Amino acid sequence: QLQVVESGGGLVQPGGSLRLSCAASGFTLDYYAIGWFRQAPGKEREGVSCLSSSSGTTNYADSVKGRFTISRDNAKKTVYLQMNSLKPEDTAVYYCAALRMFVSNMCVMTQTAYNYWGQGTQVTVSS
């Protein structure tokens, strides 16, 4: 069974950091782009970042550029989202998703393109 599982969420003060993990189960990440998405209360889910299967391409939402970094460790079948300088508006449920790609140096932040989704992990930024 192919699935991804997020972890690493929690409560953090403004200006703090968290690292989210997205672990793949039942498949290897070598041929998959990974996207991170989030949904804040009362808002639609939005794209945060994505990483191509080759790790050669990354994309970030304007709201997180310079603060968040996406990376992957294929040996551990895990993708990370390092979140620094967190703001209250980053509060949301964060989801990772996997997309089988035949182009290794490409990723998209289009939700409907992704095949496998995790259950999400809550990130709360509050003092």
Side-chain angles (χ1 to χ4, degrees):
Q1 184 177 1
L2 281 66
Q3 59 179 353
V4 290
V5 179
E6 306 92 338
S7 62
L11 173 64
V12 63
Q13 292 187 343
S17 298
L18 281 175
R19 188 178 77 161
L20 304 183
S21 298
C22 173
S25 175
F27 66 104
T28 62
L29 289 176
D30 302 64
Y31 302 105
Y32 286 80
I34 298 294
W36 281 99
F37 301 85
R38 68 185 181 186
Q39 187 167 22
K43 295 187 177 181
E44 294 186 354
R45 190 162 58 186
E46 63 177 358
V48 175
S49 181
C50 67
L51 177 65
S52 65
S53 61
S54 69
S55 298
T57 297
T58 58
N59 286 313
Y60 296 94
D62 288 343
S63 58
V64 307
K65 280 181 182 176
R67 300 188 298 122
F68 290 12
T69 303
I70 191 169
S71 63
R72 68 197 295 153
D73 184 336
N74 282 357
K76 294 183 177 180
K77 299 170 63 175
T78 300
V79 172
Y80 304 99
L81 185 68
Q82 178 67 43
M83 306 187 297
N84 298 329
S85 302
L86 283 162
K87 305 175 182 181
E89 51 264 43
D90 295 318
T91 295
V93 178
Y94 283 72
Y95 301 88
C96 71
L99 169 61
R100 179 68 167 90
M101 292 292 291
F102 296 94
V103 177
S104 64
N105 210 32
M106 179 179 175
C107 73
V108 296
M109 291 204 292
T110 305
Q111 299 181 46
T112 53
Y114 284 81
N115 309 107
Y116 307 105
W117 288 81
Q119 294 301 306
T121 185
Q122 176 70 48
V123 172
T124 303
V125 185
S126 175
S127 55

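Keep in mind that this is a model prediction, so the values were computed, not measured.
Listed by chain and residue number, Arg38 satisfy the side chain to side chain contact (heavy atoms under 4.5 Å, CB included) test with Glu46 (two or more places apart in sequence, or in another chain). Under the side chain to side chain contact (heavy atoms under 4.5 Å, CB included) criterion, Thr112 pairs with Thr110, sequence neighbours left out. Applying the side chain to side chain donor-acceptor pair (under 3.5 Å) test to Gln3 and every residue at least two apart in sequence or in another chain returns nothing. With sequence neighbours excluded, no residue satisfies side chain to side chain donor-acceptor pair (under 3.5 Å) with Gln119. Partners of Ser71 by side chain to side chain contact (heavy atoms under 4.5 Å, CB included), not counting sequence neighbours, listed by chain and number: Tyr80. Partners of Tyr94 under the ring-ring contact (aromatic ring centres under 6.0 Å, His included) rule, at least two apart in sequence or in another chain, do not exist in this structure. Listed by chain and number, the residues in a side chain to side chain contact (heavy atoms under 4.5 Å, CB included) with Val125 are Val12, Pro14, Leu86, Pro88, Asp90, Thr91, Val123 (sequence neighbours excluded).
No continuous path of hydrophobic side-chain contacts links Val5 to Leu2 [ILVMFWY only; heavy atoms under 4.5 Å]. No continuous path of hydrophobic side-chain contacts links Leu99 to Leu51 [ILVMFWY only; heavy atoms under 4.5 Å]. One hydrophobic cluster holds both Tyr116 and Ile34 under the rule that ILVMFWY side chains link at heavy-atom gaps under 4.5 Å. Clustering ILVMFWY residues whenever any of their side-chain heavy atoms sit less than 4.5 angstrom apart, transitively, puts Tyr95 in a cluster other than the one holding Val4.
Once rounded to the nearest 0.5 Å, the distance linking CG of Asn59 with CE of Met109 reads 5.5 Å.
Within the structure, ring pair (Phe, Tyr, Trp, His ring centres under 6.0 Å) contacts touching residues 34-65 (residues at least two apart or in different chains) are Phe37-Tyr114, Phe37-Trp117. Applying the side chain to side chain donor-acceptor pair (under 3.5 Å) test to every pair with at least one member in residues 47-57, sequence neighbours left out, gives these pairs: Ser52-Ser54, Ser54-Asn105, Thr57-Asn105. Among residue pairs with one or both ends in residues 28-68, those qualifying as disulfide bond (SG atoms under 2.5 Å apart) are Cys50-Cys107; sequence neighbours excluded.
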In a table with atom names and distances, give each donor-acceptor pair under 3.5 Å that connects a side chain of residues 16-33 to protein atoms at least two apart or in another chain.
unit_1: Ser17; atom_1: OG; unit_2: Asn84; atom_2: OD1; d: 2.9
unit_1: Thr28; atom_1: OG1; unit_2: Asp30; atom_2: OD1; d: 3.3

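Atom CE of Met106 has 12 or fewer neighbouring heavy atoms from other residues, nucleotides or ligands inside a 6.0 Å radius. Few gaps surround CD on Glu89; more than 12 heavy atoms of other groups in view lie less than 6.0 Å from it.
Hydrophobic cluster of Phe102: no remaining members, since no ILVMFWY side chain lies below 4.5 Å from it.
Remark: side-chain polar atoms of Glu6 are not paired, donor with acceptor, to backbone N or O of Thr121 under 3.5 angstrom.
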